[in-house]
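Below is one structure, written out as structure tokens; comments come after it.
Predicted model, so just to flag it, every value in this text is computed and none were measured. These values consider heavy atoms only, across backbone and side chains, with no hydrogens, waters or symmetry-generated copies.
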Amino acid sequence: MAAQKLVIFKHKDALGNAPAHRLLDRVEVGSHAGEKPARCLEDYAPLISIDRQDLPEGIEIIEAF
């Protein structure tokens, strides 16, 4: 198993600007593989979404591929 995409939440302050669980709830991953198991990133790629609306102040989202 290897990471295919990273979602990084960058905080303005060292102690953080928002709780991790609230930020992680913004990332949704679905599968369009149907009845068979997903075997590659393309089975997920169109269904990876990040809610960027109304981000807490001091939070920046960085996507690394």
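Here the straight-line distance linking atom CZ of Arg26 with atom NE2 of His21 works out to 11.5 Å at 0.5 Å rounding.
For Val27 against Phe9, the heavy-atom pair with the smallest separation is CG2-CZ, 4.0 Å.
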Extract all donor-acceptor atom pairs below 3.5 Å that involve side chains of residues 10-18 and protein atoms in other chains or at least two apart in sequence.
unit_1 : atom_1 : unit_2 : atom_2 : d
His11  : ND1    : Asn17  : N      : 2.9
Asp13  : OD2    : Asn17  : ND2    : 3.2
Asn17  : OD1    : Lys12  : N      : 2.9
Asn17  : OD1    : Asp13  : N      : 3.2

Donor-acceptor pairs under 3.5 Å, side chain of residues 54-65 to any protein atom, not counting sequence neighbours: which ones?
unit_1 : atom_1 : unit_2 : atom_2 : d
Glu63  : OE1    : Lys5   : NZ     : 2.8
Glu63  : OE2    : Arg52  : NH2    : 2.4

